[in-house]
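Values reported hereafter were calculated over all heavy atoms of this structure, with side chains retained and with hydrogens, waters and symmetry mates removed.
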4 protein chains.
Amino acid sequence: MARPINEEKRLERRKSILKEAVVLFAESGYSNTTTAIIAQSVGVTPGTIFQYFPSKEALYYAAVLEPLADIQVKSLACLQQEGAPGVLIQNMVEEQFNHIYFYTNELRLVQSVLGQRIRFPELTQKVLESIKVMTDAIERVYTKGQLMGEFNKSFSPAMISRAYISLLNGVGLTLGESIIHHPEWENLKGHAFYLFAPIQPKEKLEESE
Amino acid sequence: MARPINEEKRLERRKSILKEAVVLFAESGYSNTTTAIIAQSVGVTPGTIFQYFPSKEALYYAAVLEPLADIQVKSLACLQQEGAPGVLIQNMVEEQFNHIYFYTNELRLVQSVLGQRIRFPELTQKVLESIKVMTDAIERVYTKGQLMGEFNKSFSPAMISRAYISLLNGVGLTLGESIIHHPEWENLKGHAFYLFAPIQPKEKLEESE
Amino acid sequence: MARPINEEKRLERRKSILKEAVVLFAESGYSNTTTAIIAQSVGVTPGTIFQYFPSKEALYYAAVLEPLADIQVKSLACLQQEGAPGVLIQNMVEEQFNHIYFYTNELRLVQSVLGQRIRFPELTQKVLESIKVMTDAIERVYTKGQLMGEFNKSFSPAMISRAYISLLNGVGLTLGESIIHHPEWENLKGHAFYLFAPIQPKEKLEESE
Amino acid sequence: MARPINEEKRLERRKSILKEAVVLFAESGYSNTTTAIIAQSVGVTPGTIFQYFPSKEALYYAAVLEPLADIQVKSLACLQQEGAPGVLIQNMVEEQFNHIYFYTNELRLVQSVLGQRIRFPELTQKVLESIKVMTDAIERVYTKGQLMGEFNKSFSPAMISRAYISLLNGVGLTLGESIIHHPEWENLKGHAFYLFAPIQPKEKLEESE
DNA sequence: GATGAATGAGGTTTCATTCAT
DNA sequence: CATGAATGAAACCTCATTCAT
């Protein structure tokens, strides 16, 4: 009696609605994106949206939080590998910069939530919690890295992780039209890691003396 | 010549409208802030707003751009002083962090514009131009600093200035409720300067060898 | 001839839909009762409703008129028995009060139709006709009763029958939550008969003098 | 600084909206009466309605309760006069029947609320409370009348008052199109008083013997 | 110059009904 | 026959803006 095909179809359509919603919300903001426009972009009639999301607000929540959960999972996965803390963090940076490279809209969506904290207080809370989870994970790995002499010991891990997350968010925000073709993109990625104050091999040697 | 007093009154009221608008737009976003609410916060009736601004959109533009011009002027002033590039930049960082400390709403307003680039294309252009003016100015001073051996020569000034502006914007965005009481605030300010890769006196010595 | 079983099944399902519809329409009104809710209550899917009733309005008509026909048949049956008019009417009162006791929803449904006469003009007509049939029948028996000295002759049968029907309808309407447990229920039933101005045996004697 | 003229204008307009709303709600029911139609009937644009009532539901509440409060005040006033209980009650009956004669729509509105108790539970509560206030007042006067030998002592005042209220409501409900021209109208009014089982002077005499 | 009531276009959401499976 | 996803028209309500006072 199960109808797996239908279930699959539903999920697929839900996904396609969400995808369009992310683009449109990110480009035009919440209020200026009408559900009718989203429906039109997906290629369905206005009513159909509400078969998949109970309200415009719920759609917005999903458009913000689901991609955020995605990047969180991927980022935490990087940090939970075996390996030297410095390498783990470098992998995470790589992962995250690639992410905002390919998912600029998703990131900007999150940012615009943080820009209207009173309007969407619950959503803001969840986004900030998600950021907290990230910074906590980074702090732990960073502290370990400091103990192992891979990072400069004079910086507070709490500050370092926040500075990094701030840079990551700011990058998507302030780079021009399409960050994808920005000539400094690769260098920025490198400098994001520099922010962690890694100790160069030569320096390491000196320091261990 | 009988007008100056009235003129002054008008300017004062215009300013008070703008001040409330900044707060409300920043907290609740453009669409969710009604002109009626702004009027009420200022203590006037709905019609009055339109005696000072031709439309809600014009008010929004002013609320975004006027404070932005303010910080720009102040920042450029820092960089145009006499003095060592490193010191100038350090002063600018100090100035700007103080600014986002005291004018968080104004900053978030700018950020939310950048989060809806298609909605307010003209405004977005102007904000990005303003950022460009800042990064250009920083680049020039930074390049001079590199030549004078005050900054690590291996980083591109274009990248450095963008990384810094990104961090600056990201800080306001990602710090919790009120950045004002964040325990890492002072350290973050210091690390923002670290991003410029300044050369320590000792290092300077070594490098000059 | 291979159909009777299926036919029976259809009738049974139709009946179960009607039953739920009566409850839901009576509780929440026509517009606030969605076909989807009815379907869910019955345990079928939305489309199925329309296999049994051509439209929501047709379902409403049936939900109002079929129970009304029921009570009408039963009531007329009481009046068409052999016996003294006073007894026949007393039986009818008993029958009808029992009916609204057990079928409160059905009665309220009828009443709410009468509360929106322009919305459902046809239905209103049919309900009023049904009431007319009842009052006519009562009038005939009552007139006979008056002639036989069982009822006070000074009242117009047309008025009496309308007063009674009004009381009957008003009772369902104005008694609190559940008329079923109302402490005055039994007394009300007695007073409904009092409305007919029956002549007590003793009085009868006096009057015939 | 007071603007009595404006205030007065507002009240007048509010009243005219309410008046139209009563008619339309009573004729077509809540859901089938659109706010646009009400606005059109009043001669204003759709938005104006919401300057006077926060929502359609609030308008409905007012349309139901305000006329109900009116009749309640008038009815209680009748009962609180000086005089014989029988006379007071007769005055009240007169007052109330005149009321439903001139305000049929207002009455039907109340009835249709009672026909959808789950849809408007709060409103239903208030209407039932209002009815309770009426029946309580009637009971008190009736009890006094019984003690003074004006009413048959064998009936429970609680039952009598409920029977009367039921009849009153039922009359508006079941009389055809316009009760105004119903030939039995005057007789019905008389029979409503008969329901109280008043003792005729002659009977009074006999009973006191 | 300030007021604040009126405007009316436009957005979200609901829901009876259809029809391919 | 039953299903249940899609439809799309229509409703309530908001709010920037105007203008007579």
Fill in: Residues in contact with DNA chain E, drawn from residues 48-66 of chain C - heavy-atom cutoff 4.0 Å
C:F50, C:S55, C:K56
Worksheet item: B:P46 side chain: which of E:dG4, F:dC13, F:dG8 is closest?
Response: E:dG4
Fill in: With sequence neighbours excluded, residues passing side chain to side chain contact (heavy atoms under 4.5 Å, CB included) with B:I118
A:E27, A:S28
Worksheet item: Between E:dT13 atom C1' and A:I38 atom CD1, what is the distance in whole Å?
Response: 14 Å
Could you tabulate the donor-acceptor pairs under 3.5 Å formed by side-chain atoms of residues 36-49 of chain B, not counting sequence neighbours?
unit_1	atom_1	unit_2	atom_2	d
B:S41	OG	B:I37	O	3.0
B:T45	OG1	B:T48	OG1	3.4
B:T48	OG1	B:T45	O	3.3

Discussion item. Expressed as a whole number of angstroms, how long is the span from C:L11:CG to F:dC1:P?
Written reply: 11 Å
Fill in: First of C:T34 and D:T45 reached from the 5' end of DNA chain E, by closest nucleotide
D:T45
Item to complete: Return the nearest nucleotide to the side chain of C:T35; candidates are F:dA2, E:dT17, F:dC1.
Response: E:dT17
Fill in: Between F:dA11 (P) and C:N32 (CG): distance, integer Å
16 Å
Worksheet item: Would you say the side-chain atoms of B:R117 pair up with the backbone N or O of B:L114, donor to acceptor, closer than 3.5 Å?
Response: yes
Practice prompt. Answer yes or no: is there a side-chain heavy-atom contact under 4.5 Å between D:Q111 and D:R108?
Written response: yes
Fill in: By side chain to side chain contact (heavy atoms under 4.5 Å, CB included) - contacts of C:A58 (at least two apart)
C:P54, C:S55
Worksheet item: OP1 or OP2 of F:dC1 less than 4.0 angstrom from a side-chain nitrogen or oxygen of C:R10, does that happen here?
Response: yes
Item to complete: List in chain and number order the residues that pass salt bridge (charged side-chain N to carboxylate O under 4.0 Å, His left out) with B:E66, two or more places apart in sequence or in another chain; answer none if no residue qualifies.
Response: B:R14
Item to complete: Please list, chain by chain and in numerical order, all residues satisfying side chain to side chain donor-acceptor pair (under 3.5 Å) with A:T124, sequence neighbours excluded.
Response: none
Response to the item:
Rounded to whole Å, the CZ-P distance (B:R14 to E:dA2) equals 14 Å
Discussion item. Could you work out, with side chain to side chain donor-acceptor pair (under 3.5 Å) as the rule, every residue matching A:T35, not counting sequence neighbours?
Written reply: none
Worksheet item: Among residues 16-25 of chain A, which contact DNA chain E at a heavy-atom distance under 4.0 Å?
Response: none
Item to complete: May I ask you to say what B:S31 touches in the nucleic acid, namely base, sugar-phosphate or nothing, with a heavy-atom cut-off under 4.0 Å?
Response: nothing
Worksheet, complete the sentence: A:E106 meets the side chain to side chain contact (heavy atoms under 4.5 Å, CB included) criterion, sequence neighbours left out, with A:V22, A:P67, A:Y103
Worksheet, complete the sentence: Where DNA chain F forms runs of at least three Watson-Crick or G-U pairs (i with j, i+1 with j-1, under 3.5 Å), the stems are E:2-21 with F:2-21
Worksheet entry | Residue met sooner reading DNA chain E from 5', once A:Y30 and C:A36 are mapped to nucleotides | A:Y30
Worksheet item: Roughly, in whole Å, what's the span from CD in D:E8 to C1' in E:dA5?
Response: 16 Å
Discussion item. Suppose we screen for ring pair (Phe, Tyr, Trp, His ring centres under 6.0 Å). Which residues come up paired with D:Y60, at least two apart in sequence or across chains?
Written reply: D:F25, D:Y30, D:F120
Practice prompt. Kindly say if A:R13 contacts the phosphate of F:dA5, meaning a side-chain N or O under 4.0 Å from OP1 or OP2.
Written response: no
Worksheet entry | A:N32: side chain to side chain donor-acceptor pair (under 3.5 Å) partners, not counting sequence neighbours | B:R119
Discussion item. Expressed as a whole number of angstroms, how long is the span from C:Q40:CD to E:dA16:C1'?
Written reply: 16 Å
Response to the item:
Whole-Å distance, A:E12 CD to F:dA5 P, equals 15 Å
Worksheet entry | Donor-acceptor pair, side chain of A:K126 and main chain of A:Y61, under 3.5 angstrom | no
